[in-house]
Amino acid sequence: MKTSTQELGRKGESLAAEFLQHNNHTIIDTNWRYSHLELDIVSLAQDGLHFVEVKSRRRSDIDPVENFTKAKQAAITRAANAYLHSSHKVRLPHDLEVFFDLITIIFDGEQAELQYFPQAFIPIYV
């Protein structure tokens, strides 16, 4: 049984996927898992491959951007690296640009406010 937080997250991910599709993205994967790592949405657009983190919150909760920490960014980077080295449903070109995006969705009752942050971060490999 899903909790209300999980349901809110799934609803947010669904809205985010719809938004991306309306903006010429093809959704390749959702909730892709590797070990304990997860990618919310993987999409393909004309400019390249997008790894999209979705943060959904209720109006009274903390700003979702504040939960997009350096540790979360590092986990997304590790998951994206695993994704790029695994087999895919869609054959991906080797010369794709890779982008790390963030979509935040704040729910206020039945209303939803979506914000898209393309290239929200650039991973630094040390």
Side-chain angles (χ1 to χ4, degrees):
M1 185 172 175
K2 290 185 179 180
T3 67
S4 69
T5 302
Q6 289 172 321
E7 289 172 1
L8 186 76
R10 295 292 181 227
K11 186 175 179 182
E13 289 171 4
S14 179
L15 287 174
E18 287 177 27
F19 170 82
L20 291 168
Q21 288 172 321
H22 281 88
N23 286 279
N24 302 314
H25 285 242
T26 299
I27 305 301
I28 297 174
D29 271 307
T30 57
N31 300 327
W32 184 86
R33 292 187 179 279
Y34 175 78
S35 183
H36 64 284
L37 302 171
E38 179 184 7
L39 297 169
D40 291 336
I41 300 174
V42 181
S43 69
L44 190 58
Q46 197 166 25
D47 61 349
L49 187 67
H50 293 254
F51 295 104
V52 184
E53 176 69 8
V54 180
K55 293 289 186 190
S56 302
R57 297 290 181 269
R58 288 184 185 80
R59 173 65 60 200
S60 62
D61 289 347
I62 191 167
D63 180 355
V65 174
E66 291 183 28
N67 286 25
F68 195 55
T69 63
K70 294 287 183 197
K72 182 64 176 173
Q73 293 170 24
I76 294 167
T77 302
R78 287 191 306 276
N81 190 43
Y83 186 88
L84 291 170
H85 290 93
S86 68
S87 58
H88 308 284
K89 299 174 191 172
V90 176
R91 187 168 178 89
L92 300 173
H94 295 289
D95 60 347
L96 276 178
E97 283 284 332
V98 174
F99 301 97
F100 293 86
D101 305 343
L102 172 65
I103 292 180
T104 63
I105 302 174
I106 298 176
F107 289 96
D108 189 4
E110 291 301 311
Q111 299 293 319
E113 177 187 324
L114 183 147
Q115 286 190 293
Y116 179 45
F117 300 91
Q119 299 183 44
F121 75 98
I122 298 170
I124 298 174
Y125 298 95
V126 237

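These values consider heavy atoms only, across backbone and side chains, with no hydrogens, waters or symmetry-generated copies.
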Could you go through the side chain to side chain contact (heavy atoms under 4.5 Å, CB included) check for I106 and L114 one step at a time? CA-CA 7 Å; I106 298 176; L114 183 147; over 6 Å; no
Nearest 0.5 Å please: distance from the CG atom of N67 over to the CG atom of L102. 10.0 Å
Could you pull out all residues at least two apart from F117 that satisfy ring-ring contact (aromatic ring centres under 6.0 Å, His included)? none
For F99, ring-ring contact (aromatic ring centres under 6.0 Å, His included) partners two or more places apart: H50
For [X] and [Y], work out which heavy atoms get closest and say how close.
| X | Y | value |
| --- | --- | --- |
| F100 | P123 | CE1-CG, 3.3 Å |
| A79 | W32 | O-CZ3, 3.5 Å |
| V54 | A16 | CG2-CB, 3.7 Å |
| G12 | S56 | CA-OG, 3.3 Å |
| L15 | A112 | CD1-CB, 3.9 Å |
| F68 | Q73 | O-NE2, 3.2 Å |

Ion pair present between E7 and R10, side-chain N to carboxylate O less than 4.0 angstrom? no
Results of side-chain hydrogen bond (donor to acceptor under 3.5 Å, both in side chains) for [X] - residues two or more places apart only:
| X | answer |
| --- | --- |
| R33 | E38 |
| N23 | none |
| S43 | H25 |

For [range], which residue pairs pass the salt bridge (Lys or Arg N to Asp or Glu O under 4.0 Å) check, not counting sequence neighbours?
| range | answer |
| --- | --- |
| residues 15-27 | none |
| residues 39-48 | none |
| residues 101-110 | K11-E110, R59-D108 |

Check whether any side-chain heavy atom of S86 sits under 4.5 Å from a side-chain heavy atom of Y34, and report yes or no. no
Would a 4.5 Å heavy-atom cut-off, applied to side chains only, mark L39 and D29 as touching? no
Taking side-chain contact (heavy atoms from CB on, under 4.5 Å) as the test, write out the residues that go with T69, two or more places apart. A71, K72
Could you please spell out the steps behind the side chain to side chain contact (heavy atoms under 4.5 Å, CB included) verdict for L49 and L84? CA-CA 10 Å; L49 187 67; L84 291 170; 3.7 Å; yes
Ring centroids only, cut at 6.0 angstrom: are F51 and Y83 within range, meaning strictly under it? yes
For D95, all residues meeting salt bridge (Lys or Arg N to Asp or Glu O under 4.0 Å), sequence neighbours excluded: none
